[in-house]
Amino acid sequence: MQARLCGVSLALAPGEACYIPCGHVSGGGLAFDGGGKLVQLDEADLLKRLKPLLEDDAVLKIGQNLKYDYLIFRQRGIRIAPFDDTMLLSYVLDAGKQGHGMDELSELHLGHKPIAFGDVAGKGKDKITFDQVSIEEATRYSAEDADVTLRLWMLLKPRLMAEKKRTVYETLERPLMPVLAEMEREGIAVDPDLLRKLSNDFATEMAALETEIGKLAGESFNVASPKQLGEILFDKFSLPGGRKTKTGAWSTDADVLEELAAQGHDLPKKVLDWRLLAKLRGTYTDALPTYINPQTGRVHTSFAMAAAATGRLASTDPNLQNIPIRTAEGRRIRQAFIAPKGFKLISADYSQIELRLFAHIAEIPQLKQAFADGLDIHAMTASEIFGVPVKGMPAEVRRRAKAINFGIIYGISGFGLANQLGIARSVADDYIKKYFQRFPGIRDYMEATKEFACEHGYVETLFGRRVHIREIKSTNPGMRGGAERAAINAPIQGTAADVIRRAMIRIPEALAEARLKARMLLQVHDELVFEAMDAEVEKTQSVAVKVMEQAPLPAVQLSVKLTVDARAAQNWDAAH
DNA sequence: AGTCTCACG
DNA sequence: ACGTACGTGAGACTC
């Protein structure tokens, strides 16, 4: 959003690439080489000459992580098209095998280690910005970038056809890139005054807790240090339930502290309270305002398309996919995400999408029927396993069934379920046994999926997205168990990711067709956040819901319906 | 840079 | 007997 353009590198054939500098500092605007020859162009002139090429329908533009370049040019009135992205090609072909950054791909596929950026621009306190790099060195670095990208494309593009992944690339990856770029560009409004107030409130509470913690500990120490905390709890006071981390230090995670708190110890309880506030303050109330772009007044995240092996997006700088919601204090932070005056935020989220897709993929008739009947799926599960009628069901019974339902999606284990519910391993094992008896298709699906993964080394989503499972043949039972659970989870999580990707690709055109000015701002795995003028809120909601619910069609016929709930309000908390 | 912890779906 | 819920990103501490 704020990067200045130093230059553009281009490659037309392997081994031949160039760098066109336009923003280096040497020579104050225009740079000359030793012989007095002009080696730097004026940016406006460069863009004017490149625009027809970058927008020419007959010229394919190839890039690595092209969303970055797309944004740079989009900020300057140029929309790159048509294009291929070697990062996305790699992601479609090799998700789960390795990362998809250029340096890694170059070493792997070309056997060539590119010049490290740190060697060119330095690191730490000696770091310079790229405009200060000499044009000679910038040329070596940048032209190599373009050359490597072209060479990668020549290897990866034919594999796309040979490995039958063209549809995934062309319907789920490539068209999403400009959509995400526009979302990033749009940004979301955040209320810095509210965040500052929250930060102060939290700081006051933390200071009070620190005093109390110091008194209980008999000494003042750094509450933020797990090392010091562990020594006080388990060496000084010799409290029971001490567990070691893999490096031999005392574990002080929330599970350990909650157990101690349940035994009536005040110190760990206060540390838990302190940690909640420290987390919210450090990660959100204090960090978010520093991301407000001074030109737009909004926060512009980056969405990473090739980060999660399952097809999910990731959000960075800042991560807007983990804004608090589970605690009252956390929701106060969500209230700082706002729509400007005269606008509303709309949140539209899929209801139980992973369980619905699981019912379809694993072909579980009772689950499908329950969704068709619009039943409370966790209550239904509870009544099936525990034989308790849905009417008048105790909340605890439903909570257990809900944990089992989530466990199923994650590749359930007795250990994990017991841990989650705080019950004995034997009881958890019993629940799972009953679950499998009641829905025999589930065990079949799990066994079949593990077998498929073992035979092929990968699993696939309904849309044909391939997720490689590296450790599936590991002789280490722990590693292999983890890989098996990942294999069970990936088709479900991945299909849900595919569905929302389809929706996101179609939404901008659907909004345009409906003559709506509303903008899509954020994606949070099963949720899309929009901003709409007050007068357009209802129409926008109806377009979003319609496109999201119909997203899988016609590529895939689902035997369960997908339902979407949408709500509008002045802030994200109220809209969700 | 690695570890621990914890925020989200 | 072993070690386990799936997928992420980020901040603080520690070395």
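This one's a predicted model, so the numbers in the text were calculated from it and none came from an experiment. Letters A, B, ... are given to chains in the order of the sequence lines, protein chains preceding strands, and every chain is numbered from 1.
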*Answer yes or no: is there an ion pair linking Lys67(A) with Glu184(A), defined by an N-O contact shorter than 4.0 Å?*
yes
*Side-chain ion pair, Arg501(A) and Glu173(A), N-O less than 4.0 Å*: yes
*Rounded to the nearest 0.5 Å, what's the gap from CG on Leu417(A) to OH on Tyr431(A)? Could you check?*
8.0 Å
*Provide the distance between the two P atoms, one in dC2(C) and one in dT5(B), to the nearest whole Å.*
23 Å
_Same-atom distance (C1') from dG3(C) to dC6(B), integer angstrom_ = 22 Å
*Could I get the full list of salt bridge (charged side-chain N to carboxylate O under 4.0 Å, His left out) partners for Arg331(A), not counting sequence neighbours?*
none
*Which nucleotide span of DNA chain B, 5' end to 3' end, has atoms closer than 4.0 Å to non-hydrogen atoms of chain A?*
dT3(B) to dG9(B)
*Pair Glu259(A)-Gln263(A), side-chain hydrogen bond (donor to acceptor under 3.5 Å, both in side chains): steps then yes or no*: CA-CA 7 Å; Glu259(A) 175 61 29; Gln263(A) 292 164 19; 3.2 Å; yes
Under 4.0 Å, heavy atoms only, any strand: does [X] hit a base, just the sugar-phosphate, or nothing?
{"X": "Asn476(A)", "answer": "nothing"}
{"X": "Asn419(A)", "answer": "nothing"}
{"X": "Ala309(A)", "answer": "sugar-phosphate"}
{"X": "Asn319(A)", "answer": "sugar-phosphate"}
{"X": "Ala403(A)", "answer": "base"}
{"X": "Ala496(A)", "answer": "nothing"}

*Parallel, tilted or perpendicular for His378(A) and Phe406(A), by the 30°/60° rule?*
tilted
_Candidate list Asp253(A), Val271(A), Thr252(A), test side chain to side chain contact (heavy atoms under 4.5 Å, CB included), partner Pro226(A), passing option_ = Thr252(A)
*Less than 3.5 Å between a donor and an acceptor, one on the side chain of Arg425(A) and one on the base of dT4(C), is that the case here?*
yes
*asked:* If you compare every side-chain N and O of Gln228(A) against the phosphate oxygens of dT14(C) (OP1, OP2), does one of them come in below 4.0 Å?
replied: yes
Rounded to whole Å, how long is the line connecting atom [atom1] of [X] with atom [atom2] of [N]?
{"X": "Tyr284(A)", "N": "dG9(C)", "atom1": "OH", "atom2": "P", "value": "13 Å"}
{"X": "Asp429(A)", "N": "dT4(C)", "atom1": "CG", "atom2": "P", "value": "16 Å"}
{"X": "Asp526(A)", "N": "dC6(C)", "atom1": "CG", "atom2": "C1'", "value": "14 Å"}
{"X": "His468(A)", "N": "dC6(C)", "atom1": "NE2", "atom2": "P", "value": "20 Å"}

*Heavy atoms only: give me the nearest Gly241(A)-Phe234(A) pair and the separation to one decimal.*
C-CE2, 4.1 Å
*Ring centers of Phe439(A), Tyr435(A) separated by less than 6.0 Å*: yes
*Side chain of Ala287(A): nearest nucleotide among dA10(C), dG11(C), dA5(C)?*
dG11(C)
*Toss me the dot-bracket line for DNA chain C: Watson-Crick and G-U wobble, both under 3.5 Å, 5' to 3', using | for pairs to another strand and [ ] for crossers.*
.....|||||||||.
_Both Gly478(A) and Ala486(A) contact DNA chain C. Taking the nearest nucleotide for each, which residue is further toward the 5' end?_
Gly478(A)
